[in-house]
Every structure is written in structure tokens, then in C-alpha cells.
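Below you'll find the structure, written out as C-alpha cells, and then a few comments.
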Protein chains: 2
Amino acid sequence: MSLPHAILTALLEKPSSGLELTRRFDRSIGYFWSATHQQIYRELGKLEHEGYIRALPSAQPTRGQKKEYEVLPAGRAELARWTAESQDPKPIRDPLLLRLRAAGVVGAEGIESELRRHLALHQRQLTEYLEIEERDFPPGRDTVEDRLRHAVLRAGIDLETFWTRWLSRTLADLEPPASPSAAAEASTPPAVDTPTPPA
Amino acid sequence: MSLPHAILTALLEKPSSGLELTRRFDRSIGYFWSATHQQIYRELGKLEHEGYIRALPSAQPTRGQKKEYEVLPAGRAELARWTAESQDPKPIRDPLLLRLRAAGVVGAEGIESELRRHLALHQRQLTEYLEIEERDFPPGRDTVEDRLRHAVLRAGIDLETFWTRWLSRTLADLEPPASPSAAAEASTPPAVDTPTPPA
DNA sequence: ACGCTCATGTAACAAGTTACATGATTGA
DNA sequence: TCAATCATGTAACTTGTTACATGAGCGT
């Protein structure tokens with residue numbers, strides 16, 4: 001049940017329309033909780049129905065017309081409740097790790113180029129986060145909000161750093177099958193489904 | 001579309017019944033792709049229907065009777081195709097980061113105990129991974145499969161290491177609002193939800 | 001006969017994804 | 001007026017979650 005609370009947070013930071021929210025879920029908040037506009041409109045409807053938010057009266061309720069929402073006290077209370085709630089961390093769920101495991105069974109044919117591609121993507125994301133850090137978190141200010149937001153950004157930075165390091169190391173580990181026997185194996189792709197028969 | 005391929009991988013490693021798979025999705029494979037037995041049975045049905053796996057003839061098809069599956073050549077081919085496929089990494093999606101951001105808006109009341117709790121959980125998980133590494137990856141062997149499986153485990157180790165470090169640092173950052181000015185800020189809560197007024 | 005565990009399943013729902021539909025506004 | 005863009009929405013589907021149902025085999 002994270003999306004509604006992500007929306008409440010975004011709306012508290014600044015009342016917005018559905019499309020404006022969608023754009024913000026492509027940047028700031030979206031860096032650690034993405035959502036499409038369909039999800040957002042659906043959820044806005046629910047939140048309004050439950051009395052957590054309301055449409056600002058200025059906008060008419062016709063199709064194609066902008067409709068801005070703001071958070072009601074009940075919504076703020078619900079968000080505070082959820083924030084302090086006890087929630088276990090979700091276990092890792094990563095298709096790339098799964099594919100690496102599968103590669104151990106059906107052969108590591110095309111996976112190296114994927115690792116390289118992911119490495120480039122994570123490096124780019126890391127650069128972006130570092131730029132944001134430089135821009136939005138100069139050494140000066142030090143409110144509690146600043147620290148919280150900085151901590152979140154630092155999680156992004158550290159996670160991307162982890163990926164770039166792990167991918168680099170894994171590539172280095174895989175590239176040189178080193179021993180001549182292994183090299184010979186690699187140059188002998190006998191058929192469709194031969195699962196890496198190494199020495 | 002990861003679950004069917006996770007199951008194909010598991011079945012290639014060892015033909016199993018639904019319940020045996022469920023158990024394995026609580027351990028080895030489950031460390032980076034979890035699944036409940038309902039998901040697994042549903043997916044086994046689909047995979048059989050599509051001709052990727054088949055039930056071993058030994059077992060009768062009655063309810064309550066064990067039914068073992070094995071992977072057919074088409075299933076192995078599909079898994080190899082998927083493994084080498086180009087798939088973009090998913091952006092981060094973490095409720096804890098979201099809650100930290102929300103705490104910046106509605107106040108960081110209960111979040112510190114959550115951070116400590118998560119820290120303990122991640123430390124325990126890290127210990128478990130390190131034990132597995134010691135047990136399953138002694139310095140000796142060095143086949144391609146070994147390297148792949150070790151790389152996957154190392155991802156788990158490095159990720160848990162990241163979390164423990166980040167949580168420790170974030171806790172240290174939050175505990176002492178330190179500077180008098182920051183303390184002054186914190187003691188001026190303009191509205192509903194007083195954010196973190198600790199000593 | 002009873003309860004326990006093993007084992008397979010159904011049903012209903014929640015969350016996320018993909019494709020498409022529709023109206024309003026604005027500038028060429 | 002036409003196309004592009006802004007803006008809100010529907011529909012259908014897939015994936016994941018939660019609760020429950022049912023049968024087989026075994027020990028007491």
C-alpha cells in the first residue's frame with residue numbers, strides 16, 4: 001500500500017493535478033517510487049472517495065479540464081500513521097540476478113553484453129544523482145527535512161555505486177575464462193541447448 | 001515475466017513437485033526471487049500447458065498426490081532466450097525510502113525505531129549470506145557456474161552491506177539534531193504534526 | 001477415529017502494465 | 001481547420017497476495 005502514501009506525500013509538498021503528479025513521479029519521487037498516470041488517476045479517485053484528499057473547487061469537473069487536489073487533515077493523519085508503522089523490508093527481487101543464475105544452467109551466452117549495458121546505465125544514473133546532490137544539498141543548511149531528503153538521495157547514490165562496482169567485478173570475473181581449457185570450451189558452441197560444460 | 005523463468009531454472013537444477021519448489025523459493029532462489037505456493041502452482045499449470053515442462057508419468061494426477069515436473073527442450077530454449085534478452089534494470093522501489101521522504105513532511109516521529117529494526121534485520125541477513133559463502137564457495141573450485149552463482153551471492157552480500165551502512169549512517173545523522181539553530185527550528189511546529197522534537 | 005503434516009489446488013482481491021479513448025487549448 | 005499538446009480517463013490483462021478448501025498418508 002505504498003502508492004497512495006507516495007501521492008499524499010507529493011500532494012503535501014505541493015497540491016497538484018494528476019498530470020503534474022505524473023511528471024513528478026518521473027523525477028524526484030519517481031526515483032524511488034515510479035507510477036504511470038493510469039495508476040495515479042485511479043489512486044486519486046480512491047483517495048478522494050475515502051476523504052483523504054479533495055479537488056480544489058476552482059476547477060470544473062469536466063473531462064480534459066485540469067483538476068487540482070489538496071490533502072485533507074484525515075489524509076495527513078493517515079500518512080503520519082503509515083510512516084511510523086512497522087513494515088518489514090522486502091527481500092531482494094531482481095531479474096538480472098535471476099538471469100545470472102539461469103545462465104549458470106543454460107549457458108552464459110549473451111549475458112556479458114547485458115552486464116555491460118547495465119553498467120553504463122547505472123553509471124549514468126549515479127552521475128545524475130551526484131549532480132542533484134551537488135545542486136540541492138550544499139554544505140550549509142541543516143534542518144531535519146534536509147537531512148531526511150539527503151539520506152534518501154544518498155541511498156540512491158550508494159545503491160548505484162553498489163551496482164557499478166558489482167557489475168564491474170562480475171564482468172572481470174567472467175571475461176577471462178582464463179584457463180586454456182575453458183577458452184576452448186567457449187569457442188565450441190555445439191548446439192542450441194548445451195549448458196556450459198567446463199573442465 | 002520472471003517467475004516462469006525462475007521456475008524453469010529451478011526445475012533444470014532439479015526436477016521437483018510444487019511443494020518442493022515452494023520450499024526452494026524460501027531459500028536459495030527465493031533469496032532474490034520469492035514466490036508463494038499459489039503463484040507456483042498457477043505458473044506450473046501455465047508452463048505445462050505451453051509445453052515447456054511436463055509432469056513425470058510416475059505420479060497419478062489425483063488431488064493430494066505428489067506431482068513431479070521436468071523441463072522439456074522447448075522450456076530450456078525459452079529460458080536461454082530470456083536469459084540473453086535485453087532488459088532494462090528496474091528503478092529503485094523501496095517503501096522505507098518513501099517513508100523517510102514522508103517523514104520529512106509529516107514528522108519523523110516513529111521512524112527511528114523502524115530504522116533500527118531494519119538495521120538488525122539486514123545485519124542478520126548479511127550474516128546468513130556470509131555463512132553461505134563460507135560453506136558453499138571455498139577458494140578451490142572455479143567453474144563458470146561457480147563464478148556465476150558466487151557473483152549472485154555476492155550481490156546479496158554487497159546489498160545487505162549497503163543497507164547496514166546506510167541505515168547506521170542515517171540513524172547517526174538523525175539522532176543528534178545537534179546545532180542549536182536546528183533544535184530551534186524543530187521546536188517551532190507550525191501545524192498539526194510536530195516533527196521530531198527530541199533533546 | 002482423530003489430529004497432524006504433506007500436497008495440491010480455488011477464489012477473490014490488490015497492484016502494476018499496456019493499449020486505447022476522449023475532450024480542451026493553442027498555435028500554424 | 002488542422003495538428004499537436006495538455007489533460008483525464010476506460011478496459012483488459014498480468015502479477016502478486018490472502019484466505020480458504022480438499023484430499024492422502026501416517027501415527028496414536
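We name chains A, B, ... by the order of the sequence lines, and we start the count at 1 in each one.
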- Step-by-step side chain to side chain donor-acceptor pair (under 3.5 Å) determination, B/His5 to B/Glu78: CA-CA 8 Å; B/His5 302 95; B/Glu78 166 55 24; 2.8 Å; yes
- Query: Taking five pairs at each end, how big is the angle between the two axes of the helix from C/dA1-D/dT28 to C/dA28-D/dT1, to 10°?
  - Reply: 10°
Rounded to whole angstrom units, what separation is found between the [atom1] atom of [X] and the [atom2] atom of [N]?
{"X": "A/Lys67", "N": "C/dG23", "atom1": "NZ", "atom2": "P", "answer": "16 Å"}
{"X": "B/Glu50", "N": "D/dT14", "atom1": "CD", "atom2": "P", "answer": "11 Å"}
{"X": "B/Arg93", "N": "C/dA15", "atom1": "CZ", "atom2": "P", "answer": "11 Å"}
{"X": "A/Tyr69", "N": "D/dG9", "atom1": "OH", "atom2": "C1'", "answer": "11 Å"}
{"X": "B/Asp26", "N": "D/dT17", "atom1": "CG", "atom2": "P", "answer": "12 Å"}
{"X": "A/Glu43", "N": "C/dT17", "atom1": "CD", "atom2": "C1'", "answer": "15 Å"}

- Query: Do the side-chain N or O atoms of A/Lys66 get closer than 4.0 angstrom to the phosphate oxygens (OP1, OP2) of C/dT25?
  - Reply: no
Any carboxylate oxygen within less than 4.0 angstrom of a Lys/Arg side-chain nitrogen, looking at [X] and [Y]?
{"X": "B/Glu112", "Y": "B/Arg116", "result": "yes"}
{"X": "B/Glu70", "Y": "B/Arg54", "result": "yes"}
{"X": "B/Lys46", "Y": "B/Glu50", "result": "no"}

- Message: Pairing donors with acceptors under 3.5 angstrom, does anything connect the side chains of A/Gln125 and A/Tyr31?
- Response: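 Per modelled atom types, A/Gln125 and A/Tyr31 side chains form no pair under 3.5 Å.
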- Message: Show me the pairs that pass salt bridge (charged side-chain N to carboxylate O under 4.0 Å, His left out) and involve residues 4-28 of chain A, at least two apart or across chains.
- Response: A/Glu13-A/Arg24, A/Glu13-A/Arg149, A/Glu13-B/Arg101, A/Glu20-A/Lys66
- Query: Hey, does B/Lys46 reach any base, or is it just sugar-phosphate, or nothing, if we go heavy atoms under 4.0 Å?
  - Reply: sugar-phosphate
- Residues in side chain to side chain contact (heavy atoms under 4.5 Å, CB included) contact with A/Leu130, at least two apart in sequence or another chain: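 A/Leu130 satisfies side chain to side chain contact (heavy atoms under 4.5 Å, CB included) with A/Leu126, A/Glu133, A/Ile157 once adjacent residues are dropped.
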- Query: Which ones in residues 16-24 of chain A lie close to DNA chain D, meaning a heavy atom under 4.0 Å from one of its atoms?
  - Reply: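 Residues of residues 16-24 of chain A under 4.0 Å from DNA chain D: A/Ser17, A/Gly18, A/Leu19, A/Arg23.
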- Item | A/Ile7: which of A/Tyr52, A/Phe25, A/Tyr69 passes side chain to side chain contact (heavy atoms under 4.5 Å, CB included) | A/Phe25
- In residues 29-42 of chain B, which residues come under 4.0 Å of DNA chain C by heavy atom? B/His37, B/Gln38, B/Tyr41
- Message: As a test of reading the structure: which of C/dA15, C/dG9, D/dG9 is closest to the side chain of A/Met1, going by heavy atoms?
- Response: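 Looking only at heavy atoms from C-beta outward on A/Met1, the closest nucleotide is C/dA15.
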Would you tabulate the side-chain donor-acceptor contacts of residues 89-97 of chain A under 3.5 Å, counting partners in other chains and residues two or more places apart, or write 'none'?
unit_1	atom_1	unit_2	atom_2	d
A/Arg93	NH2	B/Ser34	O	2.5
A/Asp94	OD1	A/Leu96	N	2.7
A/Asp94	OD1	A/Leu97	N	3.4

- Query: Counting only heavy atoms not in A/Arg124, do more than 12 sit closer than 6.0 Å to its CZ atom?
  - Reply: no
- Message: I'd like to know whether CZ of A/Arg165 has more than 12 heavy-atom contacts from other residues, nucleotides or ligands below 6.0 angstrom.
- Response: no
